[in-house]
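Everything below concerns the one structure shown next.
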Amino acid sequence: QVQLVESGGGLVQPGGSLRLSCAATGFTSDQYTVGWFRQAPGKEREGVSCINFGGTITYYTDSVKDRATISRDNAKIAVNLEIVDVNPEDTAVYYCAAEDYLQCSGVWFTRNIPYWGQGTQVTVSS
């Protein structure tokens, strides 16, 4: 049974950094794409970033492209997302998602992704 568990988040000051981690267990191989979504109050869910199974292909939505880094450690089954220079618009519940799929791109966010974490709240405020 696949499980995704997010950690990190909380209260972050404007201009600071947020670091999230997703532990993915239950996959029978490491050939799956992992990504992060977020949903701010009153807004639709937004795809933020994804990474392919080998860590060789990454994608970032425009709003975080110059501020975010996604990485994965298959030995530790972890996918990490760091966003620097955060602002209040980064406030949202962040969700980890995964699929047995080889490609990571903007199109991946529109797929019927089967596995989701429970979400972690990130609040950017002074």
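Positions are given from 1, in the same order as the sequence printed here.
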- Item | Test side-chain contact (heavy atoms from CB on, under 4.5 Å) applied to Trp108 and Thr33, step by step | CA-CA 9 Å; Trp108 183 73; Thr33 288; 3.6 Å; yes
- To the nearest 0.5 Å, what is the distance between CD (Gln3) and OG1 (Thr25)? 5.0 Å
- Query: Can you tell me how far the CD atom of Gln121 sits from the CD atom of Gln39, to the nearest 0.5 Å?
  - Reply: 11.0 Å
- More than 12 heavy atoms from other groups under 6.0 Å of CD on Gln118: yes
- Task: Kindly indicate whether the side chain of Glu46, heavy atoms from C-beta on, has any atom under 4.5 Å from the side chain of Ser63.
- Result: yes
- Could you tell me whether the side chain of Phe37 reaches within less than 4.5 Å of the side chain of Val93, counting heavy atoms only? no
Donor-acceptor pair, side chain of [X] and main chain of [Y], under 3.5 angstrom:
X: Thr120; Y: Gly8; value: yes
X: Arg72; Y: Asn52; value: yes
X: Glu6; Y: Cys96; value: yes
X: Arg19; Y: Glu82; value: no

- Task: Could I get the full list of side chain to side chain contact (heavy atoms under 4.5 Å, CB included) partners for Tyr59, not counting sequence neighbours?
- Result: Cys50, Cys104, Phe109
- Query: Apart from Val34 itself, what residues make up its hydrophobic cluster when side-chain heavy atoms of I, L, V, M, F, W and Y under 4.5 Å apart count as a link, directly or indirectly?
  - Reply: Val2, Leu4, Val12, Leu18, Leu20, Phe27, Tyr32, Trp36, Val48, Ile51, Tyr60, Val64, Ile70, Val79, Leu81, Ile83, Val86, Tyr94, Tyr115, Val122, Val124
- Closest non-hydrogen contact found for Ser126 with Pro14 is N-CD, 3.6 Å
- Please confirm whether Arg38 makes a cation-pi placement over Tyr95, using NZ or CZ under 6.0 Å from the six-membered ring centre and within 45° of the ring normal. no
- Determine, stepwise, if the pair Leu11 / Ser125 fulfils side-chain contact (heavy atoms from CB on, under 4.5 Å). CA-CA 7 Å; Leu11 180 64; Ser125 175; 4.0 Å; yes
- Message: Going by the rule side chain to side chain donor-acceptor pair (under 3.5 Å), which residues pair with Ser21 if we only count those two or more places apart in sequence or in a different chain?
- Response: Asn80
